[in-house]
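Since this is a predicted model, take the numbers as computed values, not measurements.
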Amino acid sequence: MRKMLFLALLLMGVACGNQAPMTPRAAAEQTCDQLIAGEYDAVLNHMMEMQALACGQSITEDFAEQAATVAIREMMKVTIRSVFENTANPVTGYEIVQEEFSPDSTRALVVVRFTTQVDTLNLAHTFSMRKQEDGSWHSVQ
C-alpha cells in the first residue's frame, strides 16, 4: 500500500524547486534530492501548484488553504515520510538509469531507480517531462 501511494505521488508530477530545472534530468534529480533530504513540503508545494495550473485555476492562498487540500497534503506527507524515512530500510539514494528525448526535443522520459539500505525494494519511477515555454522542464503526469 505504501509503495503504491508513493508511486501515485510521483505520477502526479513532482519535479520542483525554486530554480526552474533546464533539463529533464535536472528536474528529476531536483525532485529526488528533495525527497531524500526530507524536503517534503517543497515537493508538495510544487505538486499543488502544478495541479492548480492543470485544472485551469490560478495559484491563490484560497486554493492552498482549502480543507480538503490540506488533508490530502498531510496524508501524502506521511506516506512519503514512511517510504523515505523507513527505519528498517530507508531510501539512501537514486540513480538516473535512462533519459530519452522525443524527436522534437519538447518531451522526455527520465527513469529513476531509488536505492534502499537493504536493497530489497524495487522503487523505480519514470518521469514524463515536458519543456515549458521558458525552457524549464516539469513532470506532466
Side-chain angles (χ1 to χ4, degrees), residues 1-102 104-141:
M1 176 75 170
R2 272 193 325 220
K3 188 174 174 182
M4 287 177 46
L5 288 173
F6 164 70
L7 292 175
L9 169 68
L10 289 178
L11 289 172
M12 295 179 83
V14 292
C16 56
N18 293 335
Q19 291 183 329
M22 298 309 280
T23 67
R25 181 185 190 100
E29 287 174 340
Q30 188 174 49
T31 298
C32 294
D33 288 341
Q34 288 175 323
L35 288 168
I36 290 172
E39 296 173 7
Y40 312 126
D41 284 323
V43 172
L44 292 170
N45 287 344
H46 184 73
M47 184 188 69
M48 298 311 242
E49 291 172 9
M50 295 305 286
Q51 279 185 314
L53 292 173
C55 295
Q57 299 173 339
S58 63
I59 307 302
T60 65
E61 289 296 317
D62 292 339
F63 179 83
E65 295 300 322
Q66 291 176 1
T69 301
V70 172
I72 290 169
R73 178 189 178 97
E74 287 307 309
M75 180 185 74
M76 293 176 89
K77 191 172 179 179
V78 168
T79 301
I80 294 169
R81 184 173 279 131
S82 72
V83 172
F84 281 87
E85 296 178 11
N86 180 331
T87 55
N89 193 15
V91 173
T92 57
Y94 66 90
E95 174 186 9
I96 305 290
V97 293
Q98 183 180 355
E99 182 179 29
E100 183 178 318
F101 288 87
S102 66
D104 63 359
S105 296
T106 61
R107 295 185 188 137
L109 296 176
V110 179
V111 180
V112 176
R113 182 180 181 282
F114 291 94
T115 54
T116 55
Q117 186 172 353
V118 181
D119 203 16
T120 56
L121 296 176
N122 185 16
L123 294 176
H125 179 69
T126 300
F127 288 90
S128 179
M129 312 299 287
R130 178 169 288 174
K131 190 173 188 176
Q132 305 298 307
E133 289 181 16
D134 66 359
S136 65
W137 288 81
H138 296 281
S139 178
V140 294
Q141 298 167 321

- Task: List for me each residue that meets side chain to side chain contact (heavy atoms under 4.5 Å, CB included) alongside Val111, sequence neighbours excluded, and say none if there are none.
- Result: Val97, Gln98, Thr126
- Going by the side-chain contact (heavy atoms from CB on, under 4.5 Å) test, name the single residue among Leu35, Thr116, Leu123 that passes it with Val83. Leu123
- Which pairs, with at least one residue in residues 82-102 and sequence neighbours excluded, count as a salt bridge (Lys or Arg N to Asp or Glu O under 4.0 Å)? Arg81-Glu85
- Qualifying residues under salt bridge (charged side-chain N to carboxylate O under 4.0 Å, His left out), relative to Asp41, sequence neighbours excluded: Arg73, Lys77
- Task: Write down the atom of Val110, the atom of Ala28, and the distance for their closest heavy-atom approach.
- Result: CG1-CB, 3.7 Å
- Note on the structure: Smallest heavy-atom separation, Val118 atom then Asn89 atom, equals N-OD1, 2.7 Å
- Any pair with a residue in residues 24-36 that passes salt bridge (Lys or Arg N to Asp or Glu O under 4.0 Å), sequence neighbours left out, goes on the list, sorted by first then second residue, please. Arg25-Glu29
- Item | Thr115 (side chain) donor-acceptor with Thr92 (main chain) under 3.5 angstrom | no
- Item | Contacts of Arg130 that satisfy side chain to side chain contact (heavy atoms under 4.5 Å, CB included) - sequence neighbours left out | Arg107, Gln132, Val140
- Gap separating the OG1 atom of Thr106 from the CH2 atom of Trp137, nearest 0.5 angstrom: 6.5 Å
- Decide side-chain contact (heavy atoms from CB on, under 4.5 Å) for Val112 and Thr31; before the verdict, give the C-alpha distance in whole Å, the side-chain angles of both, and the deciding distance to 0.1 Å. CA-CA 11 Å; Val112 176; Thr31 298; over 6 Å; no
- Message: Nearest 0.5 angstrom please: Met76 CE to Tyr40 OH, how far?
- Response: 13.5 Å
- Query: To the nearest 0.5 Å, what is the distance between NZ (Lys131) and CZ (Phe101)?
  - Reply: 8.5 Å
- Query: Between Ala108 and Pro24, what is the shortest heavy-atom contact and its length?
  - Reply: CB-CG, 3.5 Å
- Query: Can you name the residues that form a side chain to side chain donor-acceptor pair (under 3.5 Å) with Ser136, not counting sequence neighbours?
  - Reply: Asp134, His138
